[in-house]
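Below, read A as the first sequence line, B as the second, and so on, with proteins coming before strands; counting in each chain starts at 1.
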Amino acid sequence: MKVGYPCINRSLECRGNKTFRLKSYSEDRLIETVQNNLDCLRRMLKYNIEHEMYFFRITSDLVPFASHEVNDYSWQSHFKDEFKKIGKLIRKNDIRISMHPDQFIVLNSKKEDVVENSVEELRYHADVLDLFNLDSTAKIQLHVGGVYGDKSKSKERFVERFQKLDEKIKRRLVIENDDTSYTLKDCLDIHQNCGVPVLFDDLHHRVNSSEESLEEALQKTKRTWSEKDGIPMVDYSSQDPKEQEGKHAETIDKNDFKDFIERSRPHEFDLMLEIKDKEKSALKAVKILSDDERFYSL
DNA sequence: TCACGTCAAGCAGAT
DNA sequence: ATCTGCTTGACGTGA
């Protein structure tokens with residue numbers, strides 16, 4: 001099991017998700033920002049390697065306005081070598097990579113332009129992973145999208161749109177159960193119809209559940225990941241005790257985490273910790289797991 | 001230097 | 001109707 005955290009390392013000065021306002025767009029500003037973001041990404045990856053965290057989610061803000069019409073600059077070729085170098089670092093250390101396009105990407109939208117923009121944004125994500133020269137175990141995780149008052153029609157629309165995607169995108173796309181609309185069962189249904197792997201989100205499943213036990217959920221999602229997809233990815237977060245259901249905790253709840261690990265045996269997966277204090281909780285999780293392994297190997 | 005209004009994009013649910 | 005949250009606040013104007 002590899003453990004990771006999303007996008008930002010709060011212990012480092014460096015932020016790899018720098019962006020700017022559309023109004024202040026310029027080619028120079030773009031180049032400068034992407035350079036910064038790639039430098040910081042490299043530093044975060046090195047930090048992760050030093051701390052035995054081998055799963056990382058790369059921010060969608062790596063290239064600002066990547067799929068926006070204002071950006072007609074060929075950042076892909078300008079930063080080609082830079083990407084190649086970082087990709088080498090990732091592959092050499094066998095780091096698992098995911099990306100998570102944000103909420104505006106809605107493949108099953110009823111609006112044509114929203115779909116078109118979404119596909120372009122997915123293409124950007126696939127471009128990034130391709131430029132790193134990563135195989136199809138590097139994934140782009142997406143929520144199913146809107147319901148529009150008719151979930152079964154909206155699920156069908158997702159399947160149709162998925163099938164039309166370029167192979168370049170399709171090979172990397174996975175869907176994740178969300179906290180309001182599409183449950184694990186909905187995602188498994190969609191998998192049945194188009195083969196897209198299902199990424200299990202534990203906290204979303206607690207808040208918006210189709211009633212599977214953790215054991216069952218892990219077993220069922222595992223079957224949706226083929227050899228070329230790699231072992232499943234799973235999202236985990238502790239519930240914030242002070243906030244309403246579904247809110248991510250400020251820091252990891254060690255007992256809840258131990259319990260989760262205990263109950264998830266013997267399933268194999270890579271674990272993304274969606275917790276506000278990021279690498280700090282990931283470090284604690286790595287420690288718990290390594291202590292645990294020692295205990296179990298005695 | 002700092003406060004704070006605003007930022008490309010969608011949707012659901014709460015208020 | 002308007003606001004908030006979402007994987008993550010941070011940009012940038014004005015005082």
Side-chain angles (χ1 to χ4, degrees), chain A residues 4-26 29-30 32-33 36-37 40-41 44 55-71 97-122 124-125 139-151 154 157-158 161 174-183 186 199 201-204 207-208 233-240 243-250 271-282:
Chain A
Y5 60 94
C7 308
I8 295 172
N9 182 311
R10 289 176 146 177
S11 306
L12 297 172
E13 289 294 305
C14 224
R15 288 290 134 87
N17 62 337
K18 260 185 124 58
T19 183
F20 48 87
R21 296 284 187 262
L22 181 57
K23 266 208 279 192
S24 43
Y25 180 91
S26 74
R29 185 80 188 262
L30 178 76
E32 183 192 323
T33 306
N36 168 82
N37 289 349
C40 292
L41 174 61
M44 286 191 278
F55 187 17
F56 190 63
R57 183 181 299 164
I58 294 175
T59 176
S60 298
D61 289 338
L62 192 69
V63 181
F65 306 104
S67 70
H68 191 281
E69 60 178 11
V70 75
N71 183 351
I97 296 291
S98 68
M99 295 185 83
H100 194 334
D102 63 30
Q103 58 271 31
F104 310 106
I105 286 52
V106 186
L107 213 47
N108 75 349
S109 174
K110 296 180 110 167
K111 298 179 197 158
E112 238 357 272
D113 61 322
V114 172
V115 179
E116 279 170 29
N117 292 342
S118 296
V119 172
E120 282 316 299
E121 183 73 359
L122 289 175
Y124 149 62
H125 283 77
K139 293 301 187 191
I140 301 167
Q141 65 185 90
L142 195 65
H143 294 296
V144 178
V147 175
Y148 312 97
D150 186 342
K151 195 189 260 183
S154 296
R157 225 170 25 252
F158 182 93
R161 302 263 165 76
V174 304
I175 53 172
E176 173 192 355
N177 57 303
D178 66 68
D179 58 345
T180 54
S181 308
Y182 291 92
T183 61
D186 293 323
L199 187 157
D201 186 307
D202 177 57
L203 184 59
H204 290 165
V207 179
N208 179 30
M233 295 175 175
V234 170
D235 284 357
Y236 167 85
S237 166
S238 301
Q239 164 70 39
D240 189 326
E243 292 282 349
Q244 65 176 42
E245 267 205 334
K247 271 243 24 203
H248 292 170
E250 195 53 42
L271 189 61
M272 180 58 61
L273 298 170
E274 296 183 331
I275 298 173
K276 288 211 193 307
D277 68 357
K278 307 279 181 188
E279 78 286 350
K280 285 206 179 67
S281 285

Phosphate OP1/OP2 of dA10(C): any Lys18(A) side-chain N/O under 4.0 Å: no

Arg15(A) side-chain proximity, nearest of dA10(C), dA9(B), dT7(C): dA10(C)

ring-ring contact (aromatic ring centres under 6.0 Å, His included) assessment of Phe20(A) paired with Phe65(A): CA-CA 9 Å; Phe20(A) 48 87; Phe65(A) 306 104; 5.5 Å; yes

Range-with-range stems of DNA chain B (Watson-Crick or G-U pairs under 3.5 Å, three or more in a row): B:1-7 with C:9-15, B:10-15 with C:1-6

Find every protein N or O atom lying less than 3.5 Å from an N or O atom of nucleotides 3-6 of chain B, and list the pairs.
unit_1 : atom_1 : unit_2   : atom_2 : d
dT6(B) : O2     : Arg21(A) : NH2    : 2.9

Separation between the P atoms of dC11(B) and dA10(C), rounded to whole Å: 26 Å

Asn117(A): side chain to side chain contact (heavy atoms under 4.5 Å, CB included) partners, not counting sequence neighbours: none

Separation between the P atoms of dT7(C) and dC3(C), rounded to whole Å: 22 Å

Sugar-phosphate, base or nothing in reach of Tyr5(A), heavy atoms under 4.0 Å: nothing

Touch class at under 4.0 angstrom, heavy-atom based, for Asn17(A) against every strand present: base

Nucleotide nearest Phe20(A) when distance is taken to its side chain, options dT8(C), dG12(C), dA8(B): dG12(C)

Ring geometry between His204(A) and His143(A) (parallel below 30°, tilted from 30 to 60°, perpendicular above 60°): tilted

Contacting residues from residues 102-111 of chain A, given that a heavy atom lies under 4.0 angstrom of DNA chain B: Asp102(A), Gln103(A), Phe104(A), Val106(A), Ser109(A), Lys111(A)

Selection from dG9(C), dC11(B), dA9(B) that lies nearest to any side-chain heavy atom of Tyr148(A): dC11(B)

Proximal nucleotide (of dG13(B), dT7(C), dC11(B)) relative to the Thr180(A) side chain: dG13(B)

Electrostatic pair Lys151(A):Asp186(A) at N-O distance under 4.0 angstrom: yes

Length of the line joining Ile8(A):CD1 and dC6(C):P, which is rounded to integer Å: 14 Å

Asn177(A) side-chain N/O to Asp201(A) backbone N/O, donor-acceptor pair under 3.5 Å: yes

All side-chain hydrogen bond (donor to acceptor under 3.5 Å, both in side chains) counterparts of Ser67(A), not counting sequence neighbours: Glu121(A)

Sugar-phosphate only, base, or nothing, as touched by Pro64(A) at under 4.0 Å among non-hydrogen atoms: nothing

NZ/NE/NH1/NH2 to OD/OE distance under 4.0 Å, Arg57(A) and Asp235(A): yes

Same-atom distance (P) from dC7(B) to dT8(C), integer angstrom: 22 Å

Distance-only polar pair, side chains of His125(A) and Ser60(A), donor-acceptor under 3.5 Å: yes

Counterpart residues, salt bridge (Lys or Arg N to Asp or Glu O under 4.0 Å), relative to Asp178(A) (two or more places apart): none

Sugar-phosphate, base or nothing in reach of Val147(A), heavy atoms under 4.0 Å: sugar-phosphate

Pair Glu176(A)-His100(A), side-chain donor/acceptor within less than 3.5 Å: yes

P spacing across the pair dC11(C) / dG10(B), given as an integer number of angstrom: 22 Å

Touch class at under 4.0 angstrom, heavy-atom based, for Ser67(A) against every strand present: base

Val114(A) side chain reached by Ser118(A) side chain, heavy atoms, under 4.5 Å: yes

side-chain N/O His143(A) vs dT7(C) OP1/OP2, d < 4.0 Å: yes

Span that lies between the C1' atom of dT4(C) and that of dG9(C), in whole angstrom: 14 Å

Side chain of Arg29(A) (C-beta onward), nearest among dT8(C), dG10(B), dG12(C): dG12(C)

Distance-only side-chain donor-acceptor flag, Ser154(A) / Arg157(A), under 3.5 Å: yes

OP1 or OP2 of dG12(C) under 4.0 Å from side-chain N/O of Ser24(A): yes

Phosphate OP1/OP2 of dT7(C): any His204(A) side-chain N/O under 4.0 Å: yes

Touch class at under 4.0 angstrom, heavy-atom based, for Ser60(A) against every strand present: nothing

